[in-house]
Q: 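The following block contains the structure, expressed as structure tokens.
Read the numbers this way: they start at 1 and go in the same order the structure lists the ligands and their atoms. On a predicted model such as this, the values are computed, not experimentally measured, just so you know.
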Amino acid sequence: MQIYTKILIGMAAGAVCGLLLGPRSALLEKDQVSALPAMLKLTDAPGGRPNGVALPPLPGNGRVQLRLLATHRAKDLVYHKVSLRVSERLALADSSGRLKRGTVVSGWVDVKAAGLGAPVSTIGATLIGWLSPIGEAFLKLIKMIVVPLVFASLLVGVASLGDLRRLGRLGGKTLAYFLLTTFAAITIGVTIASVVKPGNAISAKDKTELLREYKSSADEKAEQAAKSPSAAETIIGIIPVNPAESMATGNMLQIIFFALIFGIALTLLEQQRVKPVIAFFETVNDAMIVVVNGVMKLAPYGVFALVAQVVGQSGLSVLQALLVYALVVLAGLAVQAFAVYSSVVRVIGKIRTIDFWRAARPAQLIAFSSSSSSATLPVTMRVAEERLGVSRQVSSFVLPLGSTINMDGTALYQGVAAIFIAQVFNMPLGLMDMVTIVLTATLASIGAAGVPGVGMITLTLVLTTVGVPTTGVALILGMDRILDMFRTAINVTGDLSAAVIVSATEGESPRYQPQ
Ligand code: ASP
């Protein structure tokens, strides 16, 4: 059986396992809810007066897990009877003073007023928790290769270019292609969302519930976004003060900058002296590729664990509330993939659509399961060189840059999300607002790092620019992780299409090389 078939099976098995045995499984008893302690008012009876137990907030908006003992419904109101144990982390007091550690306190809470999360199963959470080290170990194994691989391959690529003008041309083409495809992506997203109007498909009840459940996480995202550096700071930030530090922290743009400068310097030296340096880094690069190939053998298990975790934690209930929205995002991503990438790869790259998709599959599967273009980078580079016949010079330049700044899927997603949130809040957006969304989402996607969930943080910047309340992010947070998987797969496909286009226009002849 081919390794990619095994990865697909791992993925499907992970999804089923997550759904059936995860914390939100319909088969397991839900006996746990999470809450923000500061909002909890325990009462002795449903709807009664608070019994005086005071719960101080936990650092960093931390939530507590409560045992769910019973549920009482009265008209539109839902009450849960919960209990919690006084611990070192959670110091409680009542009217008689501080409670002893280990004391169990119980009472009723109003689900709405307390902002309780949806009930989950403790057994499910434990089972999925056991899988987490497997997924994490797999991801770390690929991430471990990113820095040495990018540095070595880019250095060798630039040093062997010979002609610096070619480097400038390559850079110009790559950035132009990135911008054009990102632009196309958001325009597709904004258009479909404006026509289908997914915001009208969500019920008032779901709207209130989603806003309540995800409010604190949405506030956190807005806070994180507020801390992001200005455009000027970002540009200056590309120049490293200490390249060793850039490598230690994995700052991709700084690593690319330093490798470029180092590579250019090598081309200016006497070639006899440069040869051993290039040979050394070439060997480092090849060794890293051997590691990628080895790690890919573990992919079916890693992917199983990653997908089980995401599906288990997300559950299906959010999907029901946000179905139309999710379908709009998926439809937009499909248009970007099949209309934009397939046609340019076919027309300019002269590669048949089906072959391009077959070749790209390994990178797409890993991107999908990891939700991180950066973590997928070693696999993307291997795909470009070994399965699409792109030269190392092109792939080592286009792909690391692409995994950091070219995020078409993220941009499209932000376009749809901004329109969706505005529709739910009944805020009509004019043509100028749409143009603003296209422009800011382009910048926001460039600024988003290739790691899970970052597109959501930069989305708050897009919302602020068009005056849509950032609390609206709460509406879509529950669905974010799943959609992140799809948009990351598209991000990586976009990077691969860029490698093919640049390679073809540089006089190489990229083609599908089945393995
Ligand atoms: N997870 C995405 C990526 O790594 C970024 C995002 O959209 O959050 O490409």
Q: With sequence neighbours excluded, tell me which residues meet side-chain contact (heavy atoms from CB on, under 4.5 Å) with Y301.
A: none

Q: Applying a heavy-atom distance cut-off of 4.0 Å, which protein residues contact ligand 1?
A: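 Lining ligand 1 at under 4.0 Å, by heavy atoms, one finds S371, S372, S373, M407, T410, A449, G450, V451, P452, G453, V454, G455, D484, R487, T488, N491.
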
Q: Considering only distance and modelled atom types, tabulate donor-acceptor pairs under 3.5 Å from the side chains of residues 247-255, sequence neighbours left out.
A:
unit_1, atom_1, unit_2, atom_2, d
T249, OG1, E245, O, 2.9
T249, OG1, S246, O, 3.4
N251, OD1, L253, N, 3.4
N251, OD1, Q254, N, 3.3
Q254, OE1, S246, OG, 2.8
Q254, NE2, G237, O, 2.7

Q: Would you say the side-chain atoms of T181 and Y341 include a donor-acceptor pair closer than 3.5 Å?
A: no

Q: Within the supplied structure, the quantity of interest is the number of heavy atoms (other residues, nucleotides, ligands) at a distance under 6.0 Å from R358 CZ; does it exceed 12?
A: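 Yes.
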
Q: Which pairs count as salt bridge (Lys or Arg N to Asp or Glu O under 4.0 Å) when at least one residue sits in residues 362-382, sequence neighbours excluded?
A: R382-E386

Q: Can you confirm whether R392 is buried at CZ, in the sense that more than 12 heavy atoms of other residues, nucleotides or ligands lie under 6.0 Å from that atom?
A: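 Above 12, so yes.
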
